[in-house]
Student: 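Can you read through this structure? Questions will come right after.
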Amino acid sequence: MTEQLQTQVCEACRADAPKVSDAELAELIKQIPDWVPMARDGVMMLEREFKFKNFKLALEFTNKVAELAEAEFHHPSILTEWGKVTITWWTHAINGLHKNDFICAAKTDALLDN
Ligand SMILES: C[C@H](O)[C@H](O)[C@H]1CNC2=NC(N)=NC(=O)C2=N1
């Protein structure tokens, strides 16, 4: 579980896929420390706010996340505002967190590097 998340790819979302355990979450979150695990309506999610100087930069980042989502065929909630983008990852098929969500959160962070 400690292999670099950024280098991994998502697997197909299956309804019978296992949710990450509390122990796995505690381990995986170490690689994505800026993300906040949270429960909304009983569904575990990972959320992070990204700050930008204006709306144009926020939108450019939004589009990069959209391309990532399509490449991995795993899609987040994206809230795009002036100077801020809030990304929330969870797996709809299992109503909770799958390793895919951690991989995509790590890949989202990597979008800031380029
Ligand atoms: C049909 C189903 O929506 C697809 O297999 C994919 C699309 N993208 C997805 N994204 C996320 N976050 N969770 C899913 O379960 C999911 N399923």
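Both ligands and their constituent atoms are indexed starting at 1 by order of listing. Counting from 1, the numbers follow the sequence of the chain as shown. None of these values were measured; they are calculated from a predicted model.
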Student: To the nearest 0.5 Å, what is the distance between CZ on Arg40 and CE on Met45?
Tutor: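 The distance works out to 6.0 Å.
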
Student: Select the closest option to atom 17 (N) of ligand 1 among Cys10, Ala69, Cys13, judged by heavy-atom distance.
Tutor: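 Residue with the shortest heavy-atom distance to the ligand atom: Cys13.
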
Student: Regarding Thr108 and Trp35, is there a side-chain donor-to-acceptor distance under 3.5 Å anywhere?
Tutor: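 No, no side-chain donor-acceptor pair sits under 3.5 Å.
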
Student: Flag the pair Glu60 and Lys64 as a salt bridge only when some basic side-chain nitrogen lies within less than 4.0 angstrom of an acidic carboxylate oxygen.
Tutor: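 Salt bridge between Glu60 and Lys64, a charged N being under 4.0 Å from a carboxylate O: no.
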
Student: Looking at Leu25, Leu28, Val36, Ile29, which hits side chain to side chain contact (heavy atoms under 4.5 Å, CB included) with Leu46?
Tutor: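 Among Leu25, Leu28, Val36, Ile29, the one meeting side chain to side chain contact (heavy atoms under 4.5 Å, CB included) with Leu46 is Ile29.
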
Student: What's the shortest distance from atom 5 (O) of ligand 1 to any protein heavy atom, and which residue and atom give it?
Tutor: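 Atom 5 (O) of ligand 1 sits closest to the protein heavy atom Phe73 CE2, 3.7 Å.
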
Student: Considering only protein heavy atoms, which is closest to atom 10 (N) of ligand 1, and at what distance to one decimal place?
Tutor: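 It is His75 N, 3.0 Å.
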
Student: Determine whether a donor-acceptor pair (N or O, by modelled atom type, separation under 3.5 Å) exists between the side chain of Lys84 and the backbone of Lys51.
Tutor: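 Not confirmed, Lys84 side chain does not pair with Lys51 backbone.
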
Student: Does the N or O separation between Ala93 and ligand 1 drop below 3.5 Å for any pair?
Tutor: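 For ligand 1, there is an N or O atom that lies under 3.5 Å from one belonging to Ala93.
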
Student: His92 versus ligand 1: do any nitrogen or oxygen atoms come within less than 3.5 Å of each other?
Tutor: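 Yes, His92 has an N/O under 3.5 Å of an N/O on ligand 1.
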
Student: Protein heavy atoms: any of them under 4.0 Å from atom 1 (C) of ligand 1?
Tutor: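 Within 4.0 Å: no protein heavy atom nearby.
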
Student: With atoms numbered from 1 as shown, which atoms in ligand 1 lie under 4.0 angstrom from a non-hydrogen atom of Trp90?
Tutor: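 Result: 11 (C), 12 (N), 13 (N).
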
Student: Parallel, tilted or perpendicular, judged at 30° and 60°: which one describes the rings of Phe73 and His75?
Tutor: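 Rings of Phe73 and His75: perpendicular, as their planes differ by over 60°.
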
